[in-house]
Amino acid sequence: MTAAKNDRLTIRDIAALAGVSAGTVSRAMNGQPGVGAATRDRISEIIAEHGFRVDPTARQLSTGRSRTLGVLFPLHASEVVLHPVYPALLGALGDAAERAGYDLLLLTMSGQKSAHVLDTVSRRRVDGVVLPAAGARDPIIKQLVGLGAPTVLIGHRSKLPGVGWVDCTHDTAATELTDLMIAGGRRSLVLINGPTHVSACKLRSTGFWSAVKSAGIPGAREVSVPFDTAAATSTALDQHIGI
């Protein structure tokens, strides 16, 4: 059998050229076991020779997977790119996704208008959604789970079924750091913390006060400031803390 070099070549055509089944071609292309080295090499040669490209829509229909991960921010896009942390986070997520053979789809949602986001997740059939800026009680989480989209929170913890999370041990870190300062002879202790409604800040406060109470240090204080270096520096100076 011969075939013209064009992007309309199908997996069945590749299989016929290689003298194997379409399933064998599919396994070889997806790096799955059960294909001999010689057969795998032959299939690769045919694919390269004919410039074959997988139709992502067809693959999605056949596998039920889009190889795309959504990253949802409840913010305007301009707020995401100007944020001091989120661009670096997107870069890290993108690098990891690329290594795993996935694409990232940036989703933004200002206000409480979630309908278009849910519609996009449903239509694009993303394989999962990462939420770097949503609180653990955000309604969008249950809505995504209701669509069957695997959902992961960053920076918040969740007990909801079907929801994973990645977070720092803020409480433990704050306790250990405070213990270290106490062991170093510090007695005038001030925790300059972020906004009180942020879960990470609540955990840091818990860790700080746990260490203070265990050591019996009197006069410790906690001050809440915005997530801003200048504000934190100004507060530290006002509290007569050496920087």
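As a basis for the values below, the full set of heavy atoms in this structure was taken, side chains included, without hydrogen atoms, waters or symmetry mates.
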Checklist entry - Just how far is it from atom OG1 of Thr108 to atom CG of Leu72, taken to the nearest 0.5 Å? => result 8.0 Å

Next on the checklist: To the nearest 0.5 Å, what is the distance between OG on Ser210 and CG on Asp171?
Outcome noted: 9.0 Å

Checklist outcome for this item: The reported gap from CG in Leu189 to CD1 in Ile217 (rounded to nearest 0.5 angstrom) is 6.0 Å

Checklist entry - For Arg187, does the CZ atom sit with more than 12 other heavy atoms under 6.0 Å from it, leaving out its own atoms? => result yes

Checklist outcome for this item: The reported gap from NE2 in His116 to CG in Asp119 (rounded to nearest 0.5 angstrom) is 9.5 Å

Item to check | Candidate pair Val225 and Asn193, rule side-chain contact (heavy atoms from CB on, under 4.5 Å), full reasoning | outcome: CA-CA 6 Å; Val225 299; Asn193 207 350; over 6 Å; no

Checklist entry - Quick one: does His83's side chain have a donor or acceptor within less than 3.5 Å of a partner on Val85's backbone? => result yes

Next on the checklist: Please find the pair of heavy atoms, one from Ile192 and one from Ala232, that lie closest to each other, and give the distance.
Outcome noted: CD1-O, 3.9 Å

Item to check | Spacing of NE2 belonging to His197 relative to OG belonging to Ser224, to within rounding of 0.5 Å | outcome: 9.0 Å

Next on the checklist: Tell me whether Trp209 shares a hydrophobic cluster with Val223, the cluster being built from Ile, Leu, Val, Met, Phe, Trp, Tyr side chains joined at under 4.5 Å.
Outcome noted: no

Next on the checklist: Apply side-chain contact (heavy atoms from CB on, under 4.5 Å) to residues Leu153 and Asp138 and explain how you reach the verdict.
Outcome noted: CA-CA 11 Å; Leu153 306 183; Asp138 195 313; over 6 Å; no

Next on the checklist: Quick check for you: to the nearest 0.5 Å, what is the distance between Ser21 atom OG and Arg27 atom CZ?
Outcome noted: 5.5 Å

Checklist entry - Among Arg137, Arg157, His156, Arg204, which one satisfies side chain to side chain donor-acceptor pair (under 3.5 Å) with Ser199? => result His156

Item to check | Taking every non-hydrogen atom, the tightest pair across Gly162 and Val145 | outcome: O-CG2, 4.3 Å

Checklist entry - Do Lys142 and Leu160 come close enough that some side-chain heavy atom pair is under 4.5 Å? => result yes

Checklist entry - If every non-hydrogen atom of Gly155 is compared with every non-hydrogen atom of Asp167, which pair is closest and at what distance? => result CA-OD1, 3.4 Å

Next on the checklist: Minimum heavy-atom separation for Asp228 and Ala230, please, with both atom names.
Outcome noted: OD2-N, 3.1 Å

Checklist entry - With a 4.5 Å heavy-atom cut-off, do Leu90 and Phe73 have their side chains touching? => result yes

Checklist entry - Nearest heavy-atom pair of Pro132 and Tyr86: which atoms, and what distance? => result O-OH, 4.0 Å

Checklist outcome for this item: Nearest heavy-atom approach of Asp179 to Ala211 is OD1-CB, 3.3 Å

Checklist entry - Should Phe227 and Val198 count as side-chain neighbours, where that means a heavy-atom distance under 4.5 Å? => result yes

Item to check | side-chain contact (heavy atoms from CB on, under 4.5 Å) evaluation trace for Val71 with Leu107 | outcome: CA-CA 6 Å; Val71 183; Leu107 302 168; over 6 Å; no

Next on the checklist: Between Ile47 and Leu17, is there shared hydrophobic-cluster membership here, with clusters defined by ILVMFWY side-chain heavy atoms closer than 4.5 Å?
Outcome noted: yes

Item to check | Side chain Glu79, main chain His76, donor-acceptor under 3.5 Å | outcome: yes

Next on the checklist: Between Leu69 and Leu105, does the side-chain contact (heavy atoms from CB on, under 4.5 Å) criterion hold? Intermediate values first, please.
Outcome noted: CA-CA 6 Å; Leu69 300 176; Leu105 175 64; over 6 Å; no

Checklist entry - Are Ile182 and Val190 grouped together when hydrophobic residues (ILVMFWY) are joined by side-chain heavy atoms under 4.5 angstrom apart? => result no

Checklist entry - Between Ser205 and Cys201, is there a donor-acceptor pair closer than 3.5 Å when you use the side chain of the first and the backbone of the second? => result no

Next on the checklist: Under 4.5 Å between side-chain heavy atoms, counting indirect links through other Ile/Leu/Val/Met/Phe/Trp/Tyr residues: same cluster for Tyr102 and Ile154 or not?
Outcome noted: yes

Checklist entry - Take atom CD in Glu98; do more than 12 heavy atoms of anything else shown fall under 6.0 Å from it? => result no

Checklist entry - Sub-3.5 Å donor-acceptor pair from the side chain of Thr178 to the main-chain atoms of Ala174, do we have one? => result yes

Checklist entry - Any donor-acceptor pair under 3.5 Å linking the side chain of Asp127 with the backbone of Arg67? => result yes

Next on the checklist: If hydrophobic clusters are built from ILVMFWY residues whose side chains come within less than 4.5 Å, do Leu104 and Val152 share one?
Outcome noted: no

